[in-house]
Amino acid sequence: MASDAVEMVAQLGGELVTYTPHGGVARTFLALVERRPTQVESSGGVSYGANTLELYIPKDATNGVTEIQVRKDRVRFKKNLGDAQETDFSVQKIIQEDVGLIASDGGMFRVLVQA
């Protein structure tokens, strides 16, 4: 039986992503992709555009991931829905990690990715 997080992602229209943990084997599962316009970042007095996106990934051993290594793990999906090719992204930050409300729910990772 799939966890509540996996069921929720499927019901909310999750997209197929291919997640490759550092030193591990790639696997494909459903995740929620939140696409936003280019964000403006600044560092050292210089501003630049940063194409960042957020993913909601089920915390599930079969249909998600149970562990994330920031700046080492990779994920591949279409940057824009109309794209013909997928783009490779690096997981930049874990924004939020929850354990779910009940025992059958593994919880969810909310991560920031960047191409």
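The backbone N or O of Thr18 sits nowhere less than 3.5 Å from a side-chain atom of Arg74 that would complete a donor-acceptor pair. Side-chain atoms of Asp88 do not come within 3.5 Å of backbone N or O of Arg76 as any donor-acceptor pair.
Contacts of Ile68 classified as side-chain contact (heavy atoms from CB on, under 4.5 Å), with partners at least two apart in sequence or in another chain: Tyr19, Val65, Asp73, Val91, Ile94, Phe109, Val111. Remark: Thr62 pairs with no residue by the side chain to side chain donor-acceptor pair (under 3.5 Å) rule, at least two apart or across chains. A search for side chain to side chain donor-acceptor pair (under 3.5 Å) contacts involving Gln96 returns nothing, not counting sequence neighbours. In this structure Arg110 satisfies the salt bridge (charged side-chain N to carboxylate O under 4.0 Å, His left out) test together with Glu54, sequence neighbours excluded. For Thr87, there are no side chain to side chain donor-acceptor pair (under 3.5 Å) partners, not counting sequence neighbours. Residues passing the ring-ring contact (aromatic ring centres under 6.0 Å, His included) test with Phe77 are Phe89, sequence neighbours excluded.
Two residues are said to be in side-chain contact when any heavy atoms from C-beta on lie closer than 4.5 Å; Val17 and Phe29 meet this criterion. The side-chain heavy atoms of Pro58 and Asn63, taken from C-beta on, include no pair separated by under 4.5 Å. Using a 4.5 Å heavy-atom threshold, the side chains of Val33 and Lys78 count as separate.
Hydrophobic clustering (ILVMFWY, side-chain heavy atoms < 4.5 Å, transitive): Leu81 and Leu30 are in distinct clusters. Note on Leu53: it clusters hydrophobically with Leu55, by side-chain heavy-atom contacts below 4.5 Å among ILVMFWY residues.
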